[in-house]
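Heads up: the structure comes next, in structure tokens.
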Amino acid sequence: MKLSKKAFTAMALATALFGSAAQAVAETPSLLVYCGITMIKPMMEIGRVLESRENVKMVFTQGGSQDLYMSLKKSHEGDLYLPGSASYRQRNMKDGLLGEAVDIGYNQAAIMVQKGNPYNVKADVNELLRDDLSVVICNPESGSIGRETKKILDKAGIYDRVFEQATYLTTASRTLNDAMKKGDADLIINWRATGYFEENKPFLDVIDLPPAVAKPKKLVLSLLTFSRHPDLARKFMTLAASEEGQAIFRKYGFLDNKAKVD
């Protein structure tokens, strides 16, 4: 079948446009961010801002902070790493995978209880030893909140007793909150910001602990030394640390990077 001149021209134009679009998609670089679960919401929102300004596609993988580090260490793929505490950067610097970094705010642990605090739980970590409460805690080997919980309870001299009495251990901040939603737990210790997420607010209340008990933990965003797109990664870092990015973090219940925590 012979094509008319108009049909041939239209087909050629369509082919050219399709080819240009496919090439544009192929040429769009991706930034892979390893992000602790607690910080995923503000980080994804900042990612959408960057996507609106730069030719970049943001990809996030989330999980427990140490699990994420082991994943990036094994794969040598990705661009940025944000654990739930600066301690993960400090303990892993020896591997040479974490390069330049920026401070983007603070995490702080808090007690969380069922909505309305039906058991009248106080702002005291010894409440985790109550026989009338179901307590779920995070494994210190997997998530940053587990590591922080162990530090807090070790300081109080009660970690082993809480561990023995706990209904079960879980792996990260999200699964801690899931335990509250399912009714498995009456009390948890979790990163306080997660208590203000829209999906969690109807189910639980936050009981703040004194800073002397639960010291705010610095959040440090690191550029991975094997990043394929370090210039774009630095743009994300700059945006996250800027007032624009910090306003997003504050919206999700975090202390910003100018907070006085001493």
Side-chain touch [X]/[Y], heavy atoms, less than 4.5 angstrom:
| X | Y | value |
| --- | --- | --- |
| L98 | L224 | yes |
| N177 | F203 | no |
| E100 | R234 | yes |

Using modelled atom types only, decide if a donor and an acceptor are shared between the side chain of [X] and the backbone of [Y] within a distance under 3.5 Å.
| X | Y | value |
| --- | --- | --- |
| N200 | T194 | yes |
| Q66 | E141 | no |
| T175 | A172 | yes |
| K115 | K201 | yes |
| T38 | A193 | no |
| N55 | T28 | no |
| Y81 | S65 | yes |
| T238 | K235 | no |

Under the criterion side-chain contact (heavy atoms from CB on, under 4.5 Å), I'd like the reasoning laid out for I137 against I189: C-alpha separation, chi angles, the key distance, then a yes or no.
CA-CA 7 Å; I137 59 174; I189 291 183; 6.0 Å; no
Which value, rounded to the nearest 0.5 Å, describes the distance between [X] atom [atom1] and [Y] atom [atom2]?
| X | Y | atom1 | atom2 | answer |
| --- | --- | --- | --- | --- |
| D184 | M180 | CG | CE | 10.5 Å |
| Q114 | L133 | CD | CG | 10.5 Å |
| D132 | E127 | CG | CD | 8.5 Å |
| N257 | I104 | CG | CD1 | 8.5 Å |
| L80 | L72 | CG | CG | 10.5 Å |
| S87 | K217 | OG | NZ | 7.0 Å |

What verdict does the side-chain contact (heavy atoms from CB on, under 4.5 Å) test give for D79 and F236, after you've listed the backbone C-alpha separation in whole Å, the side-chain angles of each residue and the deciding distance to 0.1 Å?
CA-CA 10 Å; D79 304 278; F236 184 95; over 6 Å; no
I'd like to know whether [atom1] of [X] has more than 12 heavy-atom contacts from other residues, nucleotides or ligands below 6.0 angstrom.
| X | atom1 | value |
| --- | --- | --- |
| K94 | NZ | yes |
| F60 | CZ | yes |
| Y168 | OH | yes |
| R91 | CZ | yes |

Could you go through H229 and V56, starting from their C-alpha distance and side-chain angles, then the distance that decides it, and tell me whether this counts as side-chain contact (heavy atoms from CB on, under 4.5 Å)?
CA-CA 10 Å; H229 308 289; V56 63; over 6 Å; no
Report the C-alpha distance between K215 and E148 in whole Å, list the side-chain angles of each, state the deciding distance to 0.1 Å, and finish with yes or no for salt bridge (charged side-chain N to carboxylate O under 4.0 Å, His left out).
CA-CA 9 Å; K215 184 178 179 180; E148 176 65 4; over 6 Å; no
Does the pair K151 and D154 meet the rule for a salt bridge (charged side-chain N to carboxylate O under 4.0 Å, His left out), with working shown?
CA-CA 5 Å; K151 286 182 180 179; D154 275 342; over 6 Å; no
Within 45° cone of Y88 ring axis and under 6.0 Å: R147 NZ or CZ:
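Yes, cation above the ring, under 6.0 Å and within 45°.
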Evaluate S142 against T171 for side chain to side chain donor-acceptor pair (under 3.5 Å), listing each step before the verdict.
CA-CA 6 Å; S142 61; T171 57; 5.2 Å; no
For R130 and V121, what are the C-alpha separation, side-chain angles and deciding distance, and is it a side-chain contact (heavy atoms from CB on, under 4.5 Å)?
CA-CA 10 Å; R130 283 173 51 174; V121 174; 4.2 Å; yes
With no hydrogens and no angle check, do the side chains of S134 and T167 hold a donor and an acceptor under 3.5 Å apart?
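Per modelled atom types, S134 and T167 side chains form a pair under 3.5 Å.
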Is the shortest side-chain N to carboxylate O distance from E199 to K181 below 4.0 Å?
no
Say whether Y252 and L221 are linked into one hydrophobic cluster, either directly or through other cluster members, by side-chain heavy-atom distances under 4.5 angstrom.
yes
